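Here the structure comes first, spelled out in structure tokens, and everything after it is commentary.
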2 protein chains.
Amino acid sequence: MPRQLPSLNALRAFEAAARRLSFTRAADELFVTQAAVSHQIKHLEEQLGMQLFRRMNRQLQLTDAGQILMPFMSDALDMMASGIERLNHEQREGRLTVSTLESIAASWLVPRLRNFRAQHPEIELSLEIADHPVDFDRDKADMAIRYGPGGWPGVSATKIADEEIFPVLSPSLLEKGPPLKHPRDLLKFPLIHEDMVDRWEDWFEAVGETAIEVPRGSSFPHSNLVMQAVMAGEGVALGRSFLIGPEIASGRLVRPFAASVTAAFSFYVVAPSWAQETPKVQAFTNWIVEETRVAARTGDS
Amino acid sequence: MPRQLPSLNALRAFEAAARRLSFTRAADELFVTQAAVSHQIKHLEEQLGMQLFRRMNRQLQLTDAGQILMPFMSDALDMMASGIERLNHEQREGRLTVSTLESIAASWLVPRLRNFRAQHPEIELSLEIADHPVDFDRDKADMAIRYGPGGWPGVSATKIADEEIFPVLSPSLLEKGPPLKHPRDLLKFPLIHEDMVDRWEDWFEAVGETAIEVPRGSSFPHSNLVMQAVMAGEGVALGRSFLIGPEIASGRLVRPFAASVTAAFSFYVVAPSWAQETPKVQAFTNWIVEETRVAARTGDS
DNA sequence: AATTATACATTACTTTTTCTAATCTTAATA
DNA sequence: TATTAAGATTAGAAAAAGTAATGTATAATT
């Protein structure tokens, strides 16, 4: 039952001509010349083996066959148009799935979402928490927030923040612990580490302490767990500027030294490059860029 | 509100691929290569600015967008297919309008129609009586029976009968009139003429009577009126073989001499050449050809 | 009655789209 | 590890669609 259809372009030309009862006006509508419509319809009539129009000199009439065909074609084209219309609508409204790392979601994104929803009530944002980079060809995510070196192929990435790394501890620990005058004093505190990532040497190097043996202490798999531990007063850890803005601002975390190391990786909003121009994707990208800019200015990043 | 649609061919490729969930199988269905489908869909996705399929290596899935689009396209293409289907049906069944001269309709065609209806109950034959040759570009007639020299441009014509012309009179006139031994004896009868056409000289010439002054008598505009007059015993006229078969066969008209003149014109079934192959037209053409052949054999032409 | 204007048809190309063959890529399967 | 089964890619060929210019027929106008 594979459908047997004549040239679809010819059918479209027929429909326009039948609707306007004029090849010339149909041509205008289709942005082609009258000759093009004339050709298409002649071709179609040949393929079908029947006349669709009666050409009287000033007037065009549908033959019986044309009258039969016309409503089918109009309805079919209308239906196609509404399908396309629905898709366009879909690019504008409805669900937008953003894939992020858990740490970003928890500490940065989720608290700000109410804001996004207020600005874009037509977009129903849903988060997908994934440990590892999205593959837009596979996953159903429309966009992602990624932490990495940038320059990924096939995606358009907008940097939202560089990441600064510096020691943080809880105010209570700072108070009851040994005095913290000099970076070396940090070694008197328990140092908490993040699995797989360790930048303590880099940070000490940045403050001129090159020959330090950094003791291992407890460690956690994700930076937000590390921060939980720090806020519980369990020790000192390296905090990532992008993720702990609110904790610093509220005083739940204290930054004893201004010195920081800029991480090689940054945070990016990414979307498949073919989707970069679509309204929903642009809305989210613009929102997040603006949001980080405001956050940076108010020291709340 | 002129509809804004992407390439219809690409939409068709999409629909097939979405239905079979395979570019390869869609390609088979559309009688093209897999590469063609791949191109079309890539192109379509670019135009729409969204992915329609998720390509996993062995498996193809519709994205949300694809799922939205799919039923619209399926329904639209189905609708187009049913329009075309209806047209094909129309070429096979339903009304067939045949244009003829009144004389042919009355004396030849109408009496045989019951026969055609029996053979082709699916065709609803309707006659259109027209004095002058049909123009298929104008009139709604699908076919015609024409009397003429043949070789018309743009139409396919099948000769159904040559026309023989010979004198006829009513049996009662033959009986009560002067004896008819020799062609010249005809001059003792009133000769009835047909307006515009006069072949008496030709006929006399055919029987070797070259130097005859043919007297004018009464005349009528159409040959069937002439024949009415002859059957009413009003005189002798030249009868046309094609039209008076039944009258001769039943004895209502008598043919006193075997000699006849073959007319320059013949009878043809004609149809616009683009329609010549269609089932209804072929059915009528075949029927009429067969019918005249039978009539010629049984002497009933 | 002649002239003008309108609308589709035709012709000879040109341009665009579509398709193909060959080859590549990726990952599931043997 | 090799094989196989999709789809993707590339470069070029083929087919379809479109154009400009002109032709034709005839209704409308002058």
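First the proteins, then the strands, lettered A, B, ... as listed; each starts at 1. Just so you know, these numbers come straight off a predicted model, no measurement behind them.
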Within the structure shown, what part of the strands sits under 4.0 Å from B:Thr24 by heavy-atom distance: base, sugar-phosphate, or nothing? sugar-phosphate
Where does the angle between the aromatic ring planes of B:Trp287 and B:Phe116 fall among parallel (under 30°), tilted (30 to 60°) and perpendicular (over 60°)? perpendicular
Quick one: A:Phe23 CZ to D:dG18 P, roughly how many Å, whole number? 14 Å
May I have the distance from B:Arg20 (atom CZ) to D:dG7 (atom P), rounded to whole angstrom? 12 Å
Lys/Arg-Asp/Glu bridge criterion (N-O < 4.0 Å) met for A:Arg25, A:Glu29: no
Distance-only donor-acceptor test, A:Gln34 side-chain atoms vs C:dA9 base atoms, 3.5 Å: yes
Quick one: is A:Lys42 getting a side-chain N or O under 4.0 Å of the C:dT10 phosphate, OP1 or OP2? yes
Okay, side chain of B:Lys280, backbone of B:Glu124: is any donor-acceptor separation there less than 3.5 Å? no
Grab the CZ-C1' distance between A:Arg25 and C:dT6 for me, whole Å please. 11 Å
For A:Ala36 and for B:Ala35, find the nucleotide of DNA chain D with the closest heavy atom, then tell me which residue's nucleotide is more 5'. B:Ala35
When you check the phosphate oxygens OP1 and OP2 of D:dT19, does a side-chain N or O of A:Thr33 lie under 4.0 Å from one of them? yes
B:Val32, nearest nucleotide to its side chain (from D:dA17, C:dC19, C:dA9): C:dC19
Rounded interatomic separation in angstrom, taking CG from A:Leu30 and P from D:dT19: 10 Å
Are A:Ser7 and D:dA16 close enough that a side-chain N or O sits under 4.0 Å from OP1 or OP2? no
Which of these nucleotides, D:dA6, C:dC8, D:dG18, is closest to any side-chain atom of A:Ser22? C:dC8
Take atom CG of B:Asn9 and atom P of D:dA16, then tell me their distance rounded to the nearest Å. 10 Å
Expressed as a whole number of angstroms, how long is the span from A:His39:NE2 to D:dA15:P? 18 Å
Check the distance between C:dA7's P and A:Gln61's CD and give it to me in whole angstrom. 15 Å
Whole angstrom value for the distance that separates C1' of C:dT26 from CZ of B:Arg58: 10 Å
NZ or CZ of B:Arg240 within 45° of B:Tyr147 ring axis and under 6.0 Å: yes
Just call it for B:Gln40: base, sugar-phosphate, or nothing, with non-hydrogen atoms closer than 4.0 Å on any strand. sugar-phosphate
Taking side chain as C-beta onward, heavy atoms only, is A:Leu62 less than 4.5 Å from A:Phe53? yes
